[in-house]
Amino acid sequence: MTEFLQQVVAGLASGSIYALLALGIVIIYRSTGIVNFAQGEMATFTTFIAWTLVDHGLGYWAAFPLTLLIAFAGGIALERTIVRRVEGGPVITAVILTIGLFILLGGLSNWIWKAEVRSFPPDRPFPTSAWDLGGVAISKQDAGILAITVVLVVALWALFQLTKLGLALRASALNPTASRLVGIRVGWMLALGWGLAAALGAVAGLFTAAASPPLDPNMMRPVLIYALAAAVLGGLESPVGAIIGGLAIGVLLNLVVTYDTHIHLDLDRMRIPIAFLMILIVLLVRPSGLLGRSVVRRV
Amino acid sequence: MPLLELENVEARYGAVQALHGVSLSVGEGEVVAVLGGNGAGKTTMLRAVSGLVSTSGQVRFAGERITGASPERVARAGVAHVPEGRGLFNELSVYDNLRLGAYLQRDGFDEGYERVQAHFPWLERRRDQQAGTLSGGEQQMLAVARALMGRPRLLLLDEPSLGLAPLVVREIFGILDDLNEKEGLAVLVVEQNAKLALRSSSRAYVLEVGRVALEGPSAELAENESVRKAYLGY
């Protein structure tokens, strides 16, 4: 039982990273109907920016919020310059564009920062010790990652549900034409969505680097798969679904790997196929996910 | 100077031209009706004012040229457009719809809310209900109420009677009369229900295939033989 709880706690920490990335995917999907396959590479790119900042002498926790701001601005710029050209067009064009961005940003990361692995963060950002809770060791790093995720999710919820800007963001996603008629600059609302998604991705990237150093230009590729699985599991349109999906997948992957004493799956090789399998099963059995609306389109 | 002035306005959807040089005006505090059959270009004419369709010619609002301006900018200038199909945020509550109507207002939400409640007292009782679950008549009224929250100088109404019971339609036009008389709101209303539209308006235009076929005081148009045959049915 202790072992079980231990694995659940560890799974929640990695799951919250998937949840953050999945949340970014959902925010973009809801507002523009685009599945952003570049979400992971955007996160990698901004994590390398954080590395550069720290390399130039900035402290890790000073570079952290600065990186989020840079990611936020970068997401807005990306939408305003490139993505806006495919909005409202065929879905396939948008999908190809985000896959193109995936390749482009991945290439840029490798080109600018070379394909070498770096130790980042330089010192562990969280204390390496752990709390003992009735035999279950909770590492301070896992607790820290979870806590920051909770804070971000609550802040995001407050933005969307309690502010006028949040209402305008939701309205733009629901009915862009009506939103424009009441005076909302819908184009900027979509850009803001990309900015928020990029900032969430930046956190996911920073945590991925912190949880499994060293820093590597390809580190977000598996995380993107888990996040996509999480978003699909949650229903693609549901922010709450994305969070639950992310945490569930984090825990599930951990438990499968721990309790598989029969077939001895190779841990690192089997996680991705399991995630793909989950996407497949959800899409076959319940395409609307756990919390998504079933698709009924008015014509 | 009229509040809204269209001069030789043309509009097109891709290759299809929907307006062929429409000229029309709405004075300050005036109610103007636009009649015409399906495909006459009534909706397109409103969309041309709001910037929802690509337009050439001259559209002026309060002396300012707004031809080709974005819908956001036209809204900021003081035009509220209740579009075809009402354009409500169906998933949001009645109250949130009204808040969005007041999106451009920095303050005075409470006064605006009280003001629309004077015309639509049932709003407060339904404030937390999803807009999409209201009846058709209530949805149309909410759409008008939301437009009023933006304190517009001109209200564009696209077929407010569409799909509604006659009693409800009369109620809505009664409220429009009220708004015009008491608050001096200028209204440009597009309607298939010519009888009510001519009774509520002071002037009217008849559109046919993207052109103005007839115009004049509503009382005169109501007596016009071709209007009576085509739109009033007697």
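As a basis for the values below, the full set of heavy atoms in this structure was taken, side chains included, without hydrogen atoms, waters or symmetry mates. Note on naming: letters A, B, ... go to the chains in the order of the sequence lines (proteins, then strands), and numbering restarts at 1 for each one. Owing to the predicted nature of the structure, the values given are computational and were not obtained by experimental measurement.
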Identify every side-chain donor-acceptor pair in residues 155-166 of chain A under 3.5 Å, counting partners at least two apart or on other chains, and give the distances.
from	atom 1	to	atom 2	distance (Å)
A/Thr163	OG1	A/Leu159	O	2.6
A/Thr163	OG1	A/Gly166	N	2.9
A/Lys164	NZ	B/Tyr103	O	2.8
A/Lys164	NZ	B/Gln105	O	3.1

What part of B/Ala102 gets closer than 4.5 Å to chain A, counting heavy atoms only: side chain, backbone, both or neither?
backbone

Side chain from CB out, backbone as N, CA, C, O: work out which of these in B/Arg86 comes under 4.5 Å of a heavy atom of chain A, or both, or neither.
neither

Which residues in residues 186-201 of chain A have any heavy atom lying under 4.5 Å from a heavy atom of chain B?
A/Val186, A/Met189

Only heavy atoms, only distances under 4.5 angstrom. Which residues in residues 86-104 of chain A are near chain B?
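Expected list: none.
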
Quick check on [X]: does its [atom1] atom have over 12 non-hydrogen neighbours (other residues, nucleotides or ligands) under 6.0 Å away?
X	atom1	answer
B/Tyr13	OH	yes
B/Arg127	CZ	yes
B/Glu84	CD	no
A/Arg80	CZ	yes

Quick check: closest heavy atoms across [X] and [Y], and the distance to 0.1 Å?
X	Y	value
A/Gly183	B/Leu104	O-CD2, 3.7 Å
A/Ser179	B/Phe89	OG-CE2, 3.3 Å
A/Arg170	B/Asp96	NH2-OD2, 4.2 Å
B/Gly87	A/Ala178	O-CB, 3.1 Å
B/Leu88	A/Asn175	O-ND2, 3.4 Å
A/Ile184	B/Glu72	O-CG, 3.0 Å

Heavy-atom distance under 4.5 Å between the side chains of A/Thr177 and B/Pro83, does that happen here?
no

Is there a side-chain contact between A/Leu167 and B/Leu92 (heavy atoms, below 4.5 Å)?
yes

Interface check, chain A: of B/Ala147, B/Gly101, B/Ala75, B/Pro71, most non-hydrogen pairs under 4.5 Å belong to B/Pro71

Option that, when pairs with chain A are counted at under 4.5 Å, heavy atom only, ranks first among B/Met149, B/Arg76, B/His81
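If we count pairs closer than 4.5 Å to chain A, B/Arg76 comes out on top.
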
Once rounded to the nearest 0.5 Å, what's the spacing between atom CZ of A/Arg185 and atom CZ of B/Arg73?
10.5 Å

Residues of residues 43-62 of chain B under 4.5 Å from chain A (heavy atom pairs)?
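Only B/Ser50, B/Leu52 of residues 43-62 of chain B have a heavy atom under 4.5 Å from chain A.
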
